[in-house]
Amino acid sequence: MDIKRVAIDAVNETIVMTVVHMDYKGQVAKRINEKMPLATVKGFRKGQVPKDLVEKQYGKAIKKEEVKKVVDLALERFIQSERLNLLGTPLAKENEELDWDAEELVFEYEIGLVPNFELDLEAKNNIIKYVVKADDKLIDGQVARIQKQFGKAIPQEVVAEGCDVTGTFSNEEKGINNKTVLALDVFKDKKTAKKFIGKKVGDVVTVNTKGLFEDDHQLMDYLKVGHDEVHSLAVDIDFTIESINSTELAELNQELFDKLFGEGSVATLDELKAKIKEDAESQFAQQADQKLLGDVTEFLIENTKFDLPAEFLKKWLQTVGEKKLNAEEAEAEYIRSEKGLRFQLIEGRALAQSNIQITFEDLKSFTSNAIRQQMAQFGQTNPTDEEVQGIVARVLSNQEEVKRLSDQVVAAKLLEVFKEKANPTTKEVTYEEFIAASYGE
């Protein structure tokens with residue numbers, strides 16, 4: 001057998017395979033012999049059919065099967081031996097005129113190659129690494145929310161200033177139907193809050209989604225609409241009132257502190273505020289890291305230029321998946337996934353250039369830390385190593401979880417590389433300023 005690569009351009013090639021009789025004749029003969037005792041041809045007893053008739057009836061089908069086996073195995077070994085880094089899988093070129101009786105059978109496969117490109121992690125950029133601080137306004141607001149959350153709810157007949165209103169937002173056309181609790185000060189415009197004053201259980205208040213809250217992203221929480229909709233959504237929605245409560249605020253005392261943070265951890269209002277500041281800034285740091293990762297990713301995608309075997313990938317997309325795609329659908333799918341593919345390649349190159357490898361020990365350690373953090377959120381601050389490792393073993397027995405956690409480990413390692421190599425500008429901001437920077441508002 002002769003196999004060779006024919007280059008089309010830097011990311012597209014054709015593998016040409018020439019199969020001769022010697023490559024498959026022995027296996028075809030063996031299959032014919034195995035078929036003879038089982039062959040049935042009219043006019044002959046089973047097992048008594050002459051070999052030439054068996055070959056005539058079954059030979060061509062057997063030949064095609066055996067040639068396919070030879071070709072598939074040779075193709076796989078050739079790709080391995082040539083160390084080809086492929087995108088997608090080889091696509092056989094259809095040849096309806098192939099003469100199966102010919103001495104030489106020629107098969108061609110299109111392949112798409114991973115592009116070779118330079119990745120400059122230290123390229124000049126205007127990326128900002130945000131350090132988010134919890135200011136007095138945020139801390140005082142959190143203290144007030146704690147007092148309200150642990151306070152005593154007092155049912156009311158009508159809505160008044162300071163009341164919490166439970167009800168359901170609905171809009172049939174947009175498929176909105178979400179039960180929620182509203183504090184009247186959540187609205188951006190005080191005129192909206194006034195619409196609720198004096199209303200009773202069963203009353204319906206109609207508001208418009210446009211500019212309803214200080215941050216349009218709050219529509220995601222209160223209406224359960226998707227992120228892509230929040231900035232353009234401008235429809236009337238009904239709020240049907242189901243209950244009305246005022247709140248007797250909880251007293252800031254040792255009993256409340258112990259309930260929040262465990263016995264003796266916090267003893268004064270100042271210590272409570274310090275704890276709130278510490279916890280908030282820890283969460284903000286995680287959000288800031290995610291934004292940094294996203295910003296560096298966007299920068300690298302926009303500034304790292306390389307060609308992809310686009311036409312090959314579009315054809316390949318038509319052949320994979322449970323639902324076969326037509327050319328138009330494959331084109332749309334390629335456009336949708338191209339950015340993600342580019343980042344996967346950049347991610348792989350960044351890991352390789354930084355000599356970063358993900359080991360199973362990395363995965364176990366990351367999972368263990370994540371489990372400890374989760375347990376702490378539910379009050380289990382000192383689990384034993386045995387307890388944690390038992391949970392780790394169960395989690396990592398699930399392949400979907402392994403994939404999800406592996407992606408997180410890669411992201412964490414890339415983040416450290418980006419912090420070091422990209423050399424972003426550090427900027428200290430409040431949480432409100434960070435949200436405005438994150439969403440362009």
Side-chain angles (χ1 to χ4, degrees), residues 10-11 85 87 113-135 138 215 217 227-228 231 277-308 310 335-363 365-367 369-370 373 403-441:
V11 291
N85 200 357
L87 289 175
L113 301 175
V114 171
N116 187 24
F117 60 92
E118 294 297 322
L119 180 62
D120 186 1
L121 294 174
E122 301 180 36
K124 185 177 179 181
N125 61 68
N126 58 357
I127 297 168
I128 296 173
K129 180 183 181 299
Y130 290 96
V131 178
V132 187
K133 294 295 183 181
D135 58 6
L138 185 145
D215 182 357
H217 296 89
H227 179 268
D228 293 342
H231 295 294
K277 180 179 176 65
E278 177 187 349
D279 291 349
E281 290 181 353
S282 176
Q283 292 182 26
F284 297 160
Q286 294 177 32
Q287 294 179 47
D289 279 348
Q290 288 304 307
K291 176 166 174 54
L292 176 62
L293 183 61
D295 289 346
V296 175
T297 296
E298 285 293 325
F299 175 81
L300 291 175
I301 290 173
E302 291 298 319
N303 291 276
T304 306
K305 304 301 181 183
F306 53 83
D307 292 327
L308 290 171
I335 292 171
R336 187 192 66 78
S337 59
E338 181 186 1
K339 192 173 184 179
L341 174 58
R342 288 184 177 276
F343 179 64
Q344 284 181 18
L345 297 174
I346 289 171
E347 177 183 80
R349 185 59 56 90
L351 292 172
Q353 285 185 191
S354 303
N355 295 317
I356 293 175
Q357 294 182 336
I358 308 301
T359 67
F360 190 66
E361 287 303 314
D362 292 330
L363 187 58
S365 176
F366 182 87
T367 306
N369 291 335
Q373 291 175 10
K403 174 65 170 64
R404 183 181 68 82
L405 290 165
S406 296
D407 289 344
Q408 292 181 17
V409 174
V410 169
K413 287 184 176 286
L414 277 178
L415 179 62
E416 294 308 309
V417 171
F418 291 165
K419 283 180 179 179
E420 176 188 351
K421 301 288 186 181
N423 194 27
T425 302
T426 299
K427 183 177 183 180
E428 190 172 298
V429 294
T430 66
Y431 187 62
E432 286 185 354
E433 290 170 336
F434 175 70
I435 291 299
S438 298
Y439 297 107
E441 298 176 359

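All residue numbers refer to positions in the sequence shown, counting from 1.
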Supply the atom-to-atom distance [X] [atom1] to [Y] [atom2], rounded to the nearest 0.5 angstrom.
{"X": "L113", "Y": "D307", "atom1": "CG", "atom2": "CG", "result": "12.0 Å"}
{"X": "T297", "Y": "E302", "atom1": "OG1", "atom2": "CD", "result": "11.5 Å"}
{"X": "Y431", "Y": "E281", "atom1": "OH", "atom2": "CD", "result": "13.0 Å"}
{"X": "I346", "Y": "L341", "atom1": "CD1", "atom2": "CG", "result": "10.0 Å"}
{"X": "E361", "Y": "S365", "atom1": "CD", "atom2": "OG", "result": "8.5 Å"}
{"X": "E433", "Y": "D135", "atom1": "CD", "atom2": "CG", "result": "8.5 Å"}

Between D362 and T359 (side chain of the first, backbone of the second, donor and acceptor by atom type, cut-off under 3.5 Å), is there such a pair? yes

Quick one: does any side-chain atom of T367 pair with a main-chain N or O of L363 as donor and acceptor, under 3.5 Å? yes

Mind telling me whether H231 and H217 have parallel, tilted or perpendicular rings, with 30° and 60° as the class edges? perpendicular

Specify the closest pair of heavy atoms between K277 and A134, including all atoms of both residues, with the distance to one decimal. NZ-O, 3.3 Å

Quick check: closest heavy atoms across P115 and F306, and the distance to 0.1 Å? CG-CD1, 3.4 Å

Got [X] and [Y] here, is their nearest side-chain heavy-atom distance under 4.5 Å?
{"X": "P424", "Y": "L292", "answer": "yes"}
{"X": "L345", "Y": "L308", "answer": "yes"}
{"X": "L138", "Y": "F284", "answer": "yes"}

How about CG on N369, more than 12 heavy atoms from neighbouring residues, nucleotides or ligands closer than 6.0 Å, or not? yes

For the NZ atom on K421, are there more than 12 heavy atoms of other groups (residues, nucleotides or ligands in this structure) within a distance under 6.0 Å? no

Which atom pairs, one a donor and one an acceptor, fall under 3.5 Å between side chains of residues 117-133 and the rest of the protein, sequence neighbours left out?
residue: D120; atom: OD1; partner: E122; partner atom: N; Å: 3.1
residue: D120; atom: OD1; partner: A123; partner atom: N; Å: 3.3
residue: N125; atom: OD1; partner: I127; partner atom: N; Å: 3.0
residue: N125; atom: ND2; partner: A123; partner atom: O; Å: 3.0
residue: N125; atom: ND2; partner: A422; partner atom: O; Å: 3.1

